[in-house]
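Written out below as structure tokens is the structure these notes cover.
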Amino acid sequence: MHGLKKRFRFSGPSLLRQQQQQRHFHEDKAFTGGEFNLWAAVVEEPQAHDYAPLAPPTLSDEDVKQKLASLEEQNQKSGFVDPAAYVSLLKQSGDVTALKTIQAHISHSKRFAGDRLLLNCVVEAYGKCGCVKDARLVFSSIRHPNVYSWTILLAAYAQNGHHKTVLELLRQMDLLGVWPNAVTLATVIGAVSELGNWDEARKIHARAAATCQLTYDVVLVTALIDMYAKCGDIFHAEVVFDQARNKDLACCNAMISAYIQLGYTVDAVSTFNRIQPSGLQPNQVTYALLFRACATNGVYSDARVAHMCFILSKLRPDVVVNTALVSMYSRCGSLEDARRVFDRMPGKNVVTWNVMIAGYAQEGYTDEALQLYVSMEAAGVEPDEITFVNVLESCSLAEHLAAGRDIHKHVVDAGYDSSLTVLSALITMYSACGSLGDAVDVFHKGVTTHSSVISWTAMLTALTRNGEGRSALALFRKMDLEGVRANVVTFVSTIDACSSIGALVEGHAIFERVIVTGHLIDVVLGTSLINLYGKCGRLDYALEVFHYLSFKNIVTWNTILAASSQNGEETLSDELLQEMDLDGAQPNEMTLLNMLFGCSHNGLVAKAVSYFRSMVYGHCLVPTSEHYGCLVDLLGRSGQLEEVEAFISSKPFSLDSVLWMSLLGSCVIHSDVERGLRAARRVLGLDPKNASPYVLLSNMFAAIGMLDAVKSLAKLAGERAMKKEQSRSYIEVNGVVHEFGVRAGLHRLGEKIGAQLREWSEEMEEAGFVPLHDVRGYHDEKLAIAFGAISSPPGVPLFVVKNLRMCVCCHGEIKHICKMTGRDISVREGNRVHHFRPMDASCSCGDYW
DNA sequence: GTAGGGTTAG
């Protein structure tokens, strides 16, 4: 034990500095093994008061009446009643009726009717039971309210969430010449904290400094630190802390909390480490903070050290400390340890359950999360709104619609269906489970004009996620009209909606609006812009934004790489990858996938293989079936169908339908009907609901003129109730996005579009181009192109977004249309952009499409 | 009159 303590002292101060080195060492040898049982102290029997603090005794209206009667009797007998008797009654009575009875009694008594001290107590009592209006009325009846009366009134408003009124009341005090004291100021500081208003924070700080001896009033200092933390100003929090003499534990705890709230975990820990040397002993609050700091950093070895520090402190673990432990372990990646504390700790409350459920949900253990929710109810703990948010998130991740609907019922039963947070979670759940209609219902029923921007943004994202980019933009406009103020997150979601349908002009307009409204282009917003420009075929703009961003995260790098690969600039992708290396960013699985995509779009087999090798041997990344899929795709396209089939069959990932889909795609290109059918069977065996094999086979049969096969396939797909995603195309003309496809129905310029297409067909035939037989009439991408051509001046480039892949016929024809019209035409399908060139009727994909 | 554990759209 002694030796251990020595080592602990050695490790403590460097707690977080070692994070990089120890990230992967889940068993810290210094603290494991038989010499100390880390878990023993968690289960120590709690004292009753640890978990169920005694509620102050409250008197019912009946009790109060009895007591008042005896006071009256006493008054008549002796002619004297101690006002303290009333004060004590007021402090004990918990409900409004009782308070009203006492108030009536006081106002009818000759002796106490105008007694300021008693009335102050009445105001306070009303405030405590949530009756701000009554408190205000009683206050108005006080003839000369003093600073105590005012402060009590301020506290009543503060306790009930009316923080702005607190500031207003302070102004009234000033006008009337009543000087606030330290307690008044502390109350106002609390209100400013809740408002998070930095300007007000500076004002009240100045005032506190002018009114009180700040360096000696440690309570005021503590309140100020917390206020600055909530206003996001760590600098002034530190200034106040440093200037304070006689710092007590609460003050240090407030400073640690400030550091954590603003993300300075290293400073939080170094402040923790200075507590004991300064002669103070950390308490449960301090440790709960330390655990939160470790949870934020997510380093498991630090978590173990922190836990050990607590055990050595001999403090009794209460429910908050244990819950913080559960949270810390689960956020440091050890659900086992989290569960160990959770299972052993007594007195779990709703927060404890929420933490454990969130732990499972965030690691993707959705079944366990849902199971825990059931156990929680069985244990008799009532779920709250955070429980529902966590559980709904699990349903979203698992795409478990049935469970989601069940939880929705529980939400209604528990009365949380008016909570905006829960509503947003419901919207997200339904949209993630593919039930957009339910998401829209929830939105319309529960979300009103005045409701939070979060719900609107959730709905916007839900629409985009389900392929309804145009509706998302319409919702954004409606939101504007209804006066709901968009924030940065909304802008990001809206820009994503634009990206999904190729709305370049509209997306650009949102960008301008972001700038005009003074929002900063942070890394997420910048990345969404790079994505927009990349997906709209404007790699030049994407690069401009990319170079503008001073801070780039891995998603930013991956997005610019994707933009470059999507647009067929694989040389640029190579350069960017090198730049990324110089910048010190570590490539991840997505980075390599983008590189492989780039090769795949250009048919660069050897290069792809070399990237694949560097991924496994150089970067030690585990390839997913998508990486293999890319390779399979490349090899297949280059015609090595037999090898590919043997390769997939021989690997454990033969169980992944994506790979067989990829082979099927190659068989379509090379018209290998037999192998294509085999691949299609494998896909359907593994993923029976997948409609894509039918589409691809149908394309293959169409391309080789087997029209009967196309028809019987359509029949089969219909019988099996395949839900094929309906094909559609978008084109933005003059800043407006137009949709083409079955769903969109006839366009108002339908006749003119038809005439244009016929004209092109004739022209192509004259030039000797024989289009392959087109079984479904004009495909939507051609309708979109024809519309673009007749609605914009000659020479203006056309950009079309298609939700599915183009067929061979369209790809061939668009090359000719491009040459005939002399326009640059680009079509994005999925994750690649085809840039057609008018000069030689070719496509950037080199027909590796 | 001051300090602690949870989630919230990108």
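Chain letters run A, B, ... following the sequence lines, proteins first, then strands; residues in each count from 1.
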Any A:Tyr533 side-chain heavy atom under 4.5 Å of A:Phe511 side chain: yes
Is there a side-chain contact between A:Arg292 and A:Ser327, using heavy atoms and a 4.5 Å cut-off? no
Using the side-chain heavy atoms of [X], tell me which of these nucleotides is nearest: [options].
{"X": "A:Thr222", "options": "B:dA3, B:dG1, B:dG4", "result": "B:dA3"}
{"X": "A:Arg465", "options": "B:dG10, B:dG1, B:dG4", "result": "B:dG10"}
{"X": "A:Val285", "options": "B:dA3, B:dA9, B:dT7", "result": "B:dA3"}
{"X": "A:Ala358", "options": "B:dG4, B:dA9, B:dT7", "result": "B:dT7"}
{"X": "A:Val489", "options": "B:dT8, B:dG5, B:dG10", "result": "B:dG10"}

Under 4.0 Å, counting only non-hydrogen atoms across every strand here, what does [X] touch: a base, just sugar-phosphate, or nothing?
{"X": "A:Thr352", "answer": "base"}
{"X": "A:Val321", "answer": "base"}
{"X": "A:Val351", "answer": "base"}
{"X": "A:Leu289", "answer": "sugar-phosphate"}
{"X": "A:Val488", "answer": "base"}
{"X": "A:Asp226", "answer": "sugar-phosphate"}
{"X": "A:Ser257", "answer": "sugar-phosphate"}
{"X": "A:Ile225", "answer": "nothing"}
{"X": "A:Asn487", "answer": "base"}

Under a 3.5 Å distance rule, please check whether [X] uses its side chain to pair with a backbone N or O of [Y] as donor and acceptor.
{"X": "A:Ser257", "Y": "A:Asn253", "value": "no"}
{"X": "A:Asp226", "Y": "A:Thr222", "value": "no"}
{"X": "A:Lys314", "Y": "A:Ile311", "value": "no"}

Is any side-chain N or O of A:Thr490 closer than 4.0 Å to OP1 or OP2 of B:dA9? no
Base B:dA3 paired with A:Asn283 side chain (donor-acceptor, <3.5 Å): yes
Here the distance between atom P of B:dA9 and atom CG of A:Leu426, to the nearest Å, is 12 Å
Taking CG from A:Asp217 and C1' from B:dT2, how many angstroms apart are they, rounded to a whole number? 9 Å
Would you jot down, in residue-number order, the residues of residues 519-529 of chain A having a non-hydrogen atom under 4.0 Å from DNA chain B? A:Asp522, A:Val524, A:Leu525
Residues touching DNA chain B, which here means a heavy atom under 4.0 Å, drawn from residues 381-392 of chain A: A:Asp384, A:Ile386, A:Val389, A:Asn390
Using the six-membered ring wherever Trp is involved, compare the ring planes of A:Tyr300 and A:Tyr329 and label them parallel, tilted or perpendicular (cut-offs 30° and 60°). tilted
What orientation do A:Tyr287 and A:Phe291 show, parallel under 30°, tilted 30 to 60°, or perpendicular over 60°? tilted
So, A:Asp480 and A:Arg513, do they make that salt bridge, N to O below 4.0 Å? yes
Is the shortest distance from a Lys or Arg side-chain nitrogen in A:Arg477 or A:Glu506 to a carboxylate oxygen in the other one below 4.0 Å? yes
Listed partners of A:His236 passing ring-ring contact (aromatic ring centres under 6.0 Å, His included), at least two apart: A:Tyr228
